[in-house]
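One structure is given below, encoded as structure tokens.
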Amino acid sequence: MIDKLWYLSQMKLFDNVSPEDMEEVNKWAHHAKIRKHTIIQTAEMVRDGLYFVKEGALRLYTVNSEGKQFTVGILGKGSTFGEIDSFSLGTHGVYIETLEDTLLCSIGREQFEKFISTRPHIMKRVMKILSDQLKEKNDMLEKMALGTVKEKLLFLLLNLSEEFGVLEEDGFHRIDLPLTHQEIGNMIGATRESVTSTLNELVKEEIVRTGRKTISIHRERAKEQLFG
């Protein structure tokens with residue numbers, strides 16, 4: 001069995017952290033396995049402490065007054081989220097749902113704040129992660145709220161390919177995360193039928209390739225379509 005310390009060492013936040021520091025963090029870490037399509041946070045909840053995705057994937061989303069969902073972030077293996085007194089990693093006021101069976105690691109607020117108080121290099125990395133995730137959240141929220149179905153779909157697939165993409169021989173990136181058209185529709189606030197129709201259009205344009213519960217995207221062509 002792979003131990004908790006190995007999992008923690010794979011987290012982006014702990015890149016280049018000394019073995020001694022990793023041992024200390026490991027003493028406080030708690031682990032939980034959560035089934036696919038479980039809502040682990042609602043907009044009203046605040047998850048005190050830091051959480052790390054060890055395996056699996058999470059979707060962050062908001063819900064408007066009409067009940068439509070808008071995805072604001074996708075977190076894969078190695079990603080961090082949560083709230084402590086000194087900063088928030090962009091997850092306050094959003095829903096968080098598992099996209100597949102997910103393994104989470106958590107560290108309490110007091111323990112982590114004490115740990116980083118004497119380790120400024122880790123605090124610097126926390127602030128970089130915070131900045132990146134807030135920018136991604138704002139970009140995705142804007143695109144999901146204002147874009148056409150085609151723009152929303154391309155933007156979502158690009159983000160998924162960056163987090164879960166596997167490069168194929170012909171320049172396409174296969175998204176290593178099985179998703180139905182209905183699940184994609186839920187992510188972008190669109191119907192299953194409009195997702196299917198738009199995917200077929202993108203296949204004809206040779207920007208996307210589909211299979212049974214698989215989607216591959218050509219990033220350069222997608223970016224050209226989105227950003228000109």
Pairing residues for Asp176 by the salt bridge (charged side-chain N to carboxylate O under 4.0 Å, His left out) criterion, not counting sequence neighbours:
Arg174
Could you check whether atom NZ of Lys36 has more than 12 heavy atoms from other residues, nucleotides or ligands sitting under 6.0 Å from it?
yes
Without swapping roles, check the side chain of Ser197 against the backbone of Ser194 for a donor-acceptor pair under 3.5 Å.
no
Nearest non-hydrogen partners of Ala57 and Leu177, listed with the distance:
CB-CD1, 4.1 Å
Is the backbone N or O of Glu206 less than 3.5 Å from a side-chain atom of Arg221, with the two atoms forming a donor-acceptor pair by type?
yes
With a sphere of 6.0 Å drawn around CD of Glu162, does it hold more than 12 non-hydrogen atoms of other residues, nucleotides or ligands?
yes
Partner of Phe81 under side chain to side chain contact (heavy atoms under 4.5 Å, CB included), chosen from Val94, Leu50, Leu58:
Leu58
Student check: side-chain heavy atoms of Lys152 and Thr198 closer than 4.5 Å:
no
With a 4.5 Å cut-off on side-chain heavy atoms, are Lys77 and Glu55 touching?
yes
Can you tell if the side chain of Leu199 reaches within under 4.5 Å of the side chain of Leu157, non-hydrogen atoms only?
yes
All heavy atoms of Pro178 vs all of Glu183, minimum pair found to be O-OE1, 4.0 Å
Salt bridge (charged side-chain N to carboxylate O under 4.0 Å, His left out) partners of Arg209, counting only residues at least two apart
Glu168, Asp170
Is there a side chain to side chain contact (heavy atoms under 4.5 Å, CB included) between Leu153 and Val208 once you walk through the steps?
CA-CA 11 Å; Leu153 183 54; Val208 163; over 6 Å; no
In Å, rounded to the nearest 0.5 Å, how long is the span from CD1 of Ile39 to CD1 of Ile34?
12.5 Å
With the 4.5 Å side-chain cut-off for hydrophobic clustering, are Tyr95 and Leu156 part of the same group?
no
Kindly write out the residues that satisfy ring pair (Phe, Tyr, Trp, His ring centres under 6.0 Å) with Phe172, not counting sequence neighbours, or none if the list is empty.
His218
So, the side chain of Thr98 versus the backbone of Thr38: is there a donor-acceptor pair under 3.5 Å, distance only?
yes
So how far is it from Phe164 CZ to Asn159 CG, rounded to the nearest 0.5 Å?
10.5 Å
Identify the heavy atoms of Lys54 and Cys105 that sit nearest to each other, and give their distance.
CD-CB, 3.7 Å
ILVMFWY cluster, Ile184 and Val149 together (side-chain gap under 4.5 Å)
yes
Stepwise side chain to side chain contact (heavy atoms under 4.5 Å, CB included) check, Leu160 with Ile215
CA-CA 10 Å; Leu160 288 172; Ile215 299 176; over 6 Å; no
Distance from Lys223 atom NZ to Ile217 atom CD1, nearest 0.5 Å?
9.5 Å
Evaluate the criterion side chain to side chain contact (heavy atoms under 4.5 Å, CB included) for residue pair Leu99 and Ile74; output intermediate values, then yes/no.
CA-CA 9 Å; Leu99 291 176; Ile74 303 290; 4.2 Å; yes
Joint hydrophobic cluster, Ile207 plus Leu167, side-chain heavy atoms closer than 4.5 Å
no
Any carboxylate oxygen within less than 4.0 angstrom of a Lys/Arg side-chain nitrogen, looking at Glu205 and Lys150?
yes
Can you give me the closest heavy-atom contact between Leu60 and Ile96, atom names plus distance?
CG-CG1, 4.1 Å
Kindly indicate whether the side chain of Val195, heavy atoms from C-beta on, has any atom under 4.5 Å from the side chain of Ile188.
yes
Decide whether Val53 and Tyr61 are clustered together by the hydrophobic rule: side chain heavy atoms of Ile, Leu, Val, Met, Phe, Trp, Tyr closer than 4.5 Å, transitively.
no
Side chain to side chain contact (heavy atoms under 4.5 Å, CB included) between Thr71 and Phe155, worked out:
CA-CA 11 Å; Thr71 297; Phe155 195 77; over 6 Å; no
To the nearest 0.5 Å, how far apart are NE2 in His181 and OG1 in Thr191?
12.0 Å
For the OG1 atom of Thr210 and the CD1 atom of Ile175, what is their distance to the nearest 0.5 Å?
11.5 Å
In terms of heavy-atom contacts, Thr102 and Gly56 come closest through OG1-CA, 3.8 Å
In this structure, NE2 of His37 is separated from CD of Glu97 (nearest 0.5 Å) by 6.0 Å
